[in-house]
Amino acid sequence: MLMTTNPTTHSPTRTSRRWLMCLALPGLLLVGGVCALRCGGQPPEGSTAARSLALRGLDSENGPAQIKEPSAEPFHDGKEAFQMVRQALLKKYYRGNLTEDDLYRAAVQGMLENVDPGMRSWNKLLPPEEIAELHRDLSGELVGVGVEIRFEQESGISDVLGLVPGSPAEKAGLLEGDKILDVNGKFYKGLTLRDVVADIRGKAGETVRLTVLRGDKLVTFDVRREHLTYESVIHAVLPGLVGYLGIRLFNEGTAAALRTALSDIERQRVKALVVDLRHNEGGLFDKAVESAGLFLKKDTPIVRVQHRSGPEEVLTAQGEPVLGEVPVCLLVNHSTSSGAELFTGALREGRKAQVIGQKTFGKWSAQTLEDLPNGYAMKYTTSLFRTPGGKSYEGVGLVPDVEVPMDDKEVERAQRLSSVERRLAADPQLRTAVNIVLLQASR
């Protein structure tokens, strides 16, 4: 999910795989999905398989959910009807423990989710626990053990997908492919990723016990929780002097980390650049805009934002590109969403960057996040955004210039490989992008 310090953010919410939580500040706008970082956060309701690392807030594998429109019949005397329903539930409902606050919470939640069925996935009432996670996750810092997992609700087992280098989990001896059966003796069949994450997380310095199935053997690990920093940007130089940037999400530190990475790549005199936005589902809106601006000439349009009233707002690059005029290719897939789509549209139109991979998710609306007096927060849609040229891909996704099919799991496995050579061998989308930018650089 992306968020910004002005009212122009956007946010996807997927029912499976990965999703990222955004920082929650009064009046803050969101772009992207609500996702959790390395053993943090939980999937949307109804998810049977989710990952603890991502900005994915998507409602289906193929795009935004198609939601039935409400009845066109008018609803008169709404205030009187509301009071009648309230009184009936308080006096006659079979559960005798309903309270006024229970009904008000349901009413607020219902207003947000049902006022506009097309935005039901994005308009939400968030409880205090999720707000706190938003603050932690979008700051890029959290307390945990540094393990990335995929949770299966039916079995209650969490598959270890990867480990943060140098993390407590790696030091304790956990390995990719391990299966976490219980946390401190607690099993999770029928529960959610949030339940697992909440138990793995905790106070820094405390120990969590993980029972792991490795092959046919049970192994127990006592892992000490520590403060961890999530790296939203990774970079390398590929064969042929092609720079590689992986932008995992747009959090508080992304733009600064991206500037540092670009400067380092520039010193190595690269001929071209590949920017990997696959599985990037958004984050902070202003950081996505700032990040795109690092690739564009001063005053180049980045995004057009339309609010409820007033003229369309055009946000532009504030400085000169860090890397200069080398050819750029962007890697995208079905999980590239919201702020990452904004970034893609800006560079495609403003820098003629080639887009490689698969059609993006199609989340081009913005939500504002506002705190409520009782510690909850409401997230609701306040604007739409378009590319600098005025194109919107809401609900349909952005089609790449060169389509290269690749399974999501294959992408994830390739992205986790530390060896540049192994990554290229396992990633046809990346190989295609490298070949294209090298061809452009030779002209």
Partners meeting ring pair (Phe, Tyr, Trp, His ring centres under 6.0 Å) with Tyr244 (sequence neighbours left out) |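 In terms of ring pair (Phe, Tyr, Trp, His ring centres under 6.0 Å), with neighbours along the sequence ignored, Tyr244 is linked to no residue.
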
Only counting residues at least two apart or in another chain, list the ones meeting ring pair (Phe, Tyr, Trp, His ring centres under 6.0 Å) with Tyr393.
->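 Tyr393: ring pair (Phe, Tyr, Trp, His ring centres under 6.0 Å) contacts with Trp364.
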
Can you name the closest pair of heavy atoms from [X] and [Y] and give their distance?
X	Y	result
Val332	Pro400	CG2-CB, 4.5 Å
Ala433	Cys329	O-SG, 3.9 Å
Ser337	Phe361	OG-CD2, 3.3 Å

How many angstroms lie between CD in Gln109 and CG in Leu126, if you round to the nearest 0.5 Å?
-> 9.5 Å

If you round to the nearest 0.5 Å, how far is CD of Gln153 from CG of Asp195?
-> 9.0 Å

Which pairs pass salt bridge (charged side-chain N to carboxylate O under 4.0 Å, His left out) with one or both residues in residues 326-345, sequence neighbours excluded?
-> none

Among residues two or more places apart or on two chains, list those pairs meeting salt bridge (charged side-chain N to carboxylate O under 4.0 Å, His left out) that have a residue in residues 155-166.
->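 Every salt bridge (charged side-chain N to carboxylate O under 4.0 Å, His left out) pair that includes a residue of residues 155-166, provided the two are not neighbours, is Asp159-Lys179.
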
Between Asp276 and Ile247, does a side-chain contact (heavy atoms from CB on, under 4.5 Å) hold up when you go through it step by step?
-> CA-CA 6 Å; Asp276 193 345; Ile247 307 177; over 6 Å; no

Would you mind writing out the side-chain donor-acceptor pairs for residues 296-304 within the sub-3.5 Å range, not counting sequence neighbours?
from: Lys298; atom 1: NZ; to: Gln318; atom 2: O; distance (Å): 3.3
from: Thr300; atom 1: OG1; to: Lys297; atom 2: O; distance (Å): 2.8
from: Arg304; atom 1: NE; to: Pro388; atom 2: O; distance (Å): 2.6
from: Arg304; atom 1: NH1; to: Glu312; atom 2: OE1; distance (Å): 3.1
from: Arg304; atom 1: NH2; to: Pro388; atom 2: O; distance (Å): 3.3

Are the charged groups of [X] and [Y] less than 4.0 angstrom apart, N to O?
X	Y	result
Asp401	Arg348	yes
Lys409	Glu412	no
Asp407	Arg413	no
Arg416	Glu176	yes

For Tyr380, the option from Glu113, Lys124, Glu370, Gln367 that meets side-chain hydrogen bond (donor to acceptor under 3.5 Å, both in side chains) |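 Considering Glu113, Lys124, Glu370, Gln367, a side-chain hydrogen bond (donor to acceptor under 3.5 Å, both in side chains) with Tyr380 is found only for Glu370.
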
With the side chain counted from C-beta on, respond yes when [X] and [Y] share a heavy-atom pair under 4.5 Å apart, and no when they do not.
X	Y	result
Pro117	Arg120	yes
Thr344	Thr360	no
Val237	Val270	yes

Around Arg214, counting heavy atoms of other residues, nucleotides and ligands shown, do more than 12 lie under 6.0 Å from its CZ?
-> yes

Establish, from distance only, whether the side-chain atoms of Gln429 and Gln358 form a donor-acceptor pair under 3.5 Å.
->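 There is such a pair between these side chains.
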
I would like to know whether Asp182 and Lys186 meet side-chain contact (heavy atoms from CB on, under 4.5 Å); could you show each step before the answer?
-> CA-CA 5 Å; Asp182 71 64; Lys186 179 178 177 180; 5.6 Å; no

Using residues 258-266 as the side-chain source, report each donor-acceptor pair under 3.5 Å to any protein atom, sequence neighbours left out, with the distance given to one decimal.
from: Thr260; atom 1: OG1; to: Ala256; atom 2: O; distance (Å): 3.2
from: Ser263; atom 1: OG; to: Arg259; atom 2: O; distance (Å): 3.0
from: Asp264; atom 1: OD1; to: Arg267; atom 2: NH2; distance (Å): 3.4
from: Asp264; atom 1: OD2; to: His235; atom 2: NE2; distance (Å): 2.8
from: Asp264; atom 1: OD2; to: Gln268; atom 2: NE2; distance (Å): 3.4

